[in-house]
Amino acid sequence: MVEPSAPILIFDSGVGGLTVLAELRKVLPDAPVIYVADRAALPYGDKSEAEIAARVCGLLGRLAERYHPRLICIACNTASTIALGMVRDVLETPVVGTVPAIKPAAELSKTGVIGLLGTKATIRQTYVDNLEAEFATGKSLLRHAAPELVGAAEDKLRGVAPDPAIFAKAAEGLRSQPGGEKIDTVVLACTHFPLLAEELGAAFGGQVNFVDGAQGIARRIAYLTQGQSFDRQGDDFAIVTGNDSDNPALLEALRHYGIGRIQRL
Ligand code: DGL
């Protein structure tokens, strides 16, 4: 039997996983959560597959041993598309990943031209090739790596206004590809990016729909924990690696997601 106080562990390299946490709160408001931001290794998207896999497997192993979560959510497309299989192989805890929402985007697109914004590491994964082959046959999927958006989201959450040129560059990176003018749907294939939906919407001139996986992941977690009881005693806490754990602007932002304190690993 799962202890009612056993947490759901939500893991990302930074604040991106909060977009998943926000959806999870809507479906499971009583679930105790530990939010983990691996700030010491941010950005994952600029690292090699081997580095990301070793980092994520090692860290999640330590965290699972220490906190006995009922479920782990890797709320990071980069880590999931690279290491989800490995993490599942080494842990007994159920693990839910976050993969680019190509399927719903393909269903939504009328022009058949879909854009995908992700990190450098995500857009080169065969995991993405496979999703494209399975769900977007007969459509065109244009990919663009927009690593600057990760830092922009981190800044925005700490109350620092990001440079608008970053958003124009991301939109241009898709629009300038052959067929890019026909894009009507954009997959936000990094959990940081929905935090910038407003800025990205303006950069695309309000002419595209954005799709991300957060709602689907929250539903999947609710499904996998069906029948379990939850006992959430007040605010949750976050674990932040590196030297940002006592950043007051970060704590202030986390409070909006029901997280009352930050602790170091
Ligand atoms: N939030 C992560 C993702 O979904 C990536 C950010 C990073 O590069 O660390 O891919």
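Because the structure is predicted, anything quoted here is derived from the model rather than measured. Order of listing sets the numbers, starting from 1, for every ligand and every atom in it.
Side-chain rings of Phe204 and Phe210 approach one another, their centers coming within less than 6.0 Å.
The hydrophobic clustering, which links ILVMFWY residues whose side-chain heavy atoms are closer than 4.5 Å, places Ile52 and Val95 together.
Interatomic distance, Leu18 CG to Ile10 CD1, rounded to the nearest 0.5 Å: 8.5 Å.
Residues Asp163 and Lys169 are not paired through a salt bridge, judged by the lack of any N-O separation under 4.0 Å between the basic side chain and the carboxylate. A salt bridge links Lys26 with Glu23: at least one charged nitrogen is closer than 4.0 Å to a carboxylate oxygen.
Residues of the protein with a heavy atom under 4.0 Å from ligand 1 are Asp12, Ser13, Leu42, Pro43, Tyr44, Gly45, Cys76, Asn77, Thr78, Thr119, Val150, Cys190, Thr191, His192, listed by chain and number.
Every residue was checked against the ring pair (Phe, Tyr, Trp, His ring centres under 6.0 Å) condition with Tyr257, not counting sequence neighbours, and none meets it.
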